[in-house]
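Every chain is numbered from 1, with letters handed out A, B, ... down the list of sequences.
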There are 2 protein chains.
Amino acid sequence: MSKRITIKQIAAALHVSISTVSKALNDSYEISEETKRKIQEYAKEHKYKPNTLALSLQNKKTKTIGILLPNILTYYYARVLRGIEKVATEKGYNLITCITNDSYKKEVYTMEMLSNGTIDGFIACIANETLELKEFDHFKDILEEGTPIVLYNRVHKDINCDKVVTDNIKSAYKATRFLMRSECKNIALVSSTKGLDISKFRLKGYLKALTKYDITPNEELIINLKSEKKLKTRINEMLDNNQVDGIFTIDEVSAALTTQVLNKRGIKIPEDVSIIGFTNGILSRYSTPPLTSVNRFAHTTGEVAAARLIDKIEEKIPFNDITTEIIKTELVERESTKKLFIKF
Amino acid sequence: MSKRITIKQIAAALHVSISTVSKALNDSYEISEETKRKIQEYAKEHKYKPNTLALSLQNKKTKTIGILLPNILTYYYARVLRGIEKVATEKGYNLITCITNDSYKKEVYTMEMLSNGTIDGFIACIANETLELKEFDHFKDILEEGTPIVLYNRVHKDINCDKVVTDNIKSAYKATRFLMRSECKNIALVSSTKGLDISKFRLKGYLKALTKYDITPNEELIINLKSEKKLKTRINEMLDNNQVDGIFTIDEVSAALTTQVLNKRGIKIPEDVSIIGFTNGILSRYSTPPLTSVNRFAHTTGEVAAARLIDKIEEKIPFNDITTEIIKTELVERESTKKLFIKF
DNA sequence: ATGAAAGCGCTAACAA
DNA sequence: TTGTTAGCGCTTTCAT
């Protein structure tokens with residue numbers, strides 16, 4: 001257990017000054033080849049590694065980004081993280097990752113903790129609780145201090161910083177329209193994320209599509225619950241009392257549970273009922289049958305957010321140049337919807 | 001954009017010395033109530049936050065743990081991370097998370113990067129490539145330096161440090177036995193992770209169970225591929241030419257694809273064929289039908305690893321006290337296997 | 001009760 | 001070409 005060696009120790013061992021060692025290790029032109037060689041050799045031999053902390057203290061730059069995720073078990077966030085990680089690594093940045101669990105308190109605490117020189121900037125998705133409380137002072141304070149923040153997925157207009165979002169309304173509109181074009185007449189909506197913005201916006205897109213095509217929305221066909229707990233029961237009830245030939249599921253869990261219910265009832269997908277999902281995650285790809293769904297490009301979201309933040313940190317963009325990037329979506333056709341012969 | 005304030009600035013503003021400010025902020029008994037009040041008020045007013053970097057440099061402790069994950073999209077690793085995160089937060093530690101993508105180079109680079117004062121210890125899952133190359137010097141060097149490491153899931157005997165693992169052989173044995181007890185005679189194995197230790201060990205457990213119950217393993221019933229690419233084709237071939245009434249799938253993706261194939265062929269689960277999976281992730285829970293599978297307690301794995309590492313860091317356990325913790329598994333019965341009436 | 005000074009590991013301006 | 005010194009933000013002896 002040989003502790004790490006410092007520049008000072010090298011200096012002492014080689015009877016030169018500390019700054020000579022520093023310069024030699026940085027390959028400065030000021031130092032003679034002879035001395036450089038000697039010092040570098042000694043350093044290598046003793047596995048010298050510069051102390052990052054000391055460097056950061058000096059440069060006022062840590063090359064570290066703080067990431068806030070509401071959770072990591074949802075495929076979407078895992079993929080966003082992957083995207084961030086990719087460009088961060090390319091540009092030599094490390095990631096400090098914190099999972100807020102959608103708690104306001106944890107979010108505030110974490111941001112306080114990290115905004116003291118530990119990180120150069122934040123990439124964050126606002127916790128649900130924070131959004132409900134409408135308490136954004138911690139974001140504002142940090143921006144005030146000159147630390148850049150990029151918000152993704154969940155944002156709020158009161159926080160004046162860069163944002164990367166998905167157009168939920170438009171995407172839901174397109175998904176619903178797709179069902180109509182594949183000849184579905186009675187299109188239901190199933191959600192287990194009531195209360196979240198995404199749920200609100202996707203519902204809006206669904207309603208917009210129906211209205212646009214002169215279909216009066218039927219309340220009985222809209223299941224919008226806060227959790228997945230009673231979802232199966234409600235879907236069964238709906239199917240007991242209504243004719244349904246298309247279902248737009250707002251989140252992956254809803255899609256999976258809907259599929260399970262239909263299967264239990266002996267309803268064939270897509271022959272009897274078509275299903276279209278949102279968020280093209282692992283559940284969609286590997287479900288039986290594979291699910292047609294809206295791909296959100298989570299990975300791109302992460303990449304864009306990271307690139308933007310790093311540009312801000314490195315002052316390639318002025319701090320006050322604020323933008324909102326909208327990541328487009330794409331419909332991935334699989335086997336849970338009927339093949340369309342008329343393309344549009 | 002008002003930059004962060006330092007202790008020095010407070011001292012200047014209040015015409016006291018730096019050390020007085022430091023002591024006052026730390027509520028030292030040496031300072032008069034009067035002065036303390038004045039200083040603390042001023043600090044609060046100007047939102048003073050101590051610079052973590054400077055503190056870490058001083059204490060030689062960063063209260064930060066480096067986490068190495070082969071990937072984050074697999075539910076298992078996401079859950080391990082969650083477990084680590086939980087205890088780390090409780091004990092006031094931050095996490096620097098790095099995804100190695102199973103690359104040896106990235107693993108070495110990351111560990112080099114972080115082991116320079118940035119982190120107090122590592123929790124790591126060895127990258128596949130590293131395991132293939134059998135190159136463990138980076139781990140050994142870091143341990144030499146006195147930085148503790150806890151390895152989880154994938155380990156190697158040449159690395160002498162704390163470990164947290166699953167008993168793959170035993171678990172696979174139990175899963176296979178379960179199929180036999182639910183009256184399956186011809187039990188196939190499907191894997192898309194050939195080459196990994198997990199694949200090797202689970203296969204071993206499967207064979208052990210067959211042998212134990214006097215069944216001669218049939219090579220035609222063992223599909224062990226390196227990726228999921230040709231998996232469906234191979235499963236179809238197997239089903240074309242063999243009688244199969246039980247399938248042990250070694251990973252979640254194999255389970256999902258097997259389910260898709262059976263469904264396409266009109267084979268009923270579990271009436272015609274029972275399936276049992278490994279790793280009780282999101283795919284198992286939400287598949288149609290829900291999958292009976294071996295639960296690995298990924299969350300516990302993370303918790304145990306983190307607790308152990310922090311104890312090491314805080315020197316509650318001597319550095320040389322090395323243990324290997326085996327996390328037990330549990331079979332979660334769902335709908336992809338026949339109900340057993342004889343419990344065991 | 002307050003302050004001066006050294007030091008954590010390193011860089012960089014300046015001097016020799 | 002090499003060394004001295006100050007300083008990054010903070011804590012902690014040791015004087016005063």
- [ ] In sequence, state the C-alpha distance, the side-chain angles, and the governing distance for Arg154(B) and Asp102(B), and then conclude on salt bridge (Lys or Arg N to Asp or Glu O under 4.0 Å).
- [x] CA-CA 11 Å; Arg154(B) 305 204 284 238; Asp102(B) 275 320; 2.5 Å; yes
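- Taking only side-chain atoms of Ser19(A), from C-beta outward, the nucleotide of dG3(C), dA12(C), dG9(C) with the closest atom is dA12(C).
- The nearest whole Å value for the distance from the NZ atom in Lys61(B) to the P atom in dC8(C) is 17 Å.
- Atom C1' of nucleotide dA12(C) and atom OH of Tyr29(A) are separated by 11 Å, given to the nearest angstrom.
- Contacts of Thr6(A) with the nucleic acid, taken as non-hydrogen atoms under 4.0 Å apart, involve only primed sugar atoms and P, OP1 or OP2.
- Nucleotide dC10(C) holds its P atom 11 Å from the CD atom of Gln58(A), rounded to whole Å.
- Within the 4.0 angstrom heavy-atom criterion, no nucleotide atom of any strand lies near Asn59(A).
- Regarding Arg37(B), its CZ atom lies at a distance of 16 Å from the C1' atom of dA1(C), rounded to whole Å.
- Scanning DNA chain D 5' to 3' for nucleotides with an atom closer than 4.0 angstrom to a non-hydrogen atom of chain A gives a first and last hit of dT1(D) to dG9(D).
- Remark: C1' of dA1(C) and CD1 of Ile39(B) are 11 Å apart, rounded to the nearest angstrom.
- Going from atom CG of Leu57(A) over to atom P of dC10(C) covers 12 Å, rounded to whole Å.
- The interatomic distance linking His15(B) (NE2) with dA4(C) (C1') rounds to 19 Å, in whole Å.
- Along DNA chain C, the nucleotide closest to Glu30(A) and the one closest to Ile5(A) are compared, and the more 5′ of them pairs with Ile5(A).
- Look at Asn26(A) and you'll find a side-chain N or O under 4.0 angstrom from OP1 or OP2 of dT11(C).
- The aromatic rings of Tyr42(B) and His46(B) sit parallel, their planes meeting at an angle under 30°, below the 60° perpendicular limit.
- Residue contacts shown for Thr35(A) are limited to sugar-phosphate atoms, with no base heavy atom under 4.0 Å away.
- Comparing Lys23(B) and Lys49(B) by the nucleotide of DNA chain D whose heavy atom lies nearest to each, the residue mapping closer to the 5' end is Lys49(B).
- Using a cutoff of 4.0 Å between basic side-chain nitrogens and carboxylate oxygens, Arg37(B) and Glu34(B) are scored as salt-bridged.
- Regarding contacts with the backbone of dT2(C), every side-chain N or O of Ser17(B) stays at 4.0 angstrom or more from both OP1 and OP2.
- With rounding to the nearest 0.5 angstrom, the NZ atom of Lys63(A) is 9.0 Å from the CE atom of Met113(B).
- Within the 4.0 angstrom heavy-atom criterion, base atoms lie near Ser22(B).
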Open item on the list: Show, in sequence, the C-alpha distance, side-chain angles and deciding distance for Leu151(A) and Ile126(A), and conclude whether the side chain to side chain contact (heavy atoms under 4.5 Å, CB included) test is met.
Closed with: CA-CA 7 Å; Leu151(A) 250 30; Ile126(A) 311 176; 4.0 Å; yes
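- The separation between Ile18(B) atom CD1 and dG3(C) atom C1' is 10 Å, rounded to whole Å.
- Taking the six-membered ring for Trp and the full ring otherwise, the centers of His138(B) and Tyr104(B) sit less than 6.0 Å from each other.
- Counting heavy atoms from C-beta on, the side chains of Ile327(A) and Val304(A) come closer than 4.5 Å.
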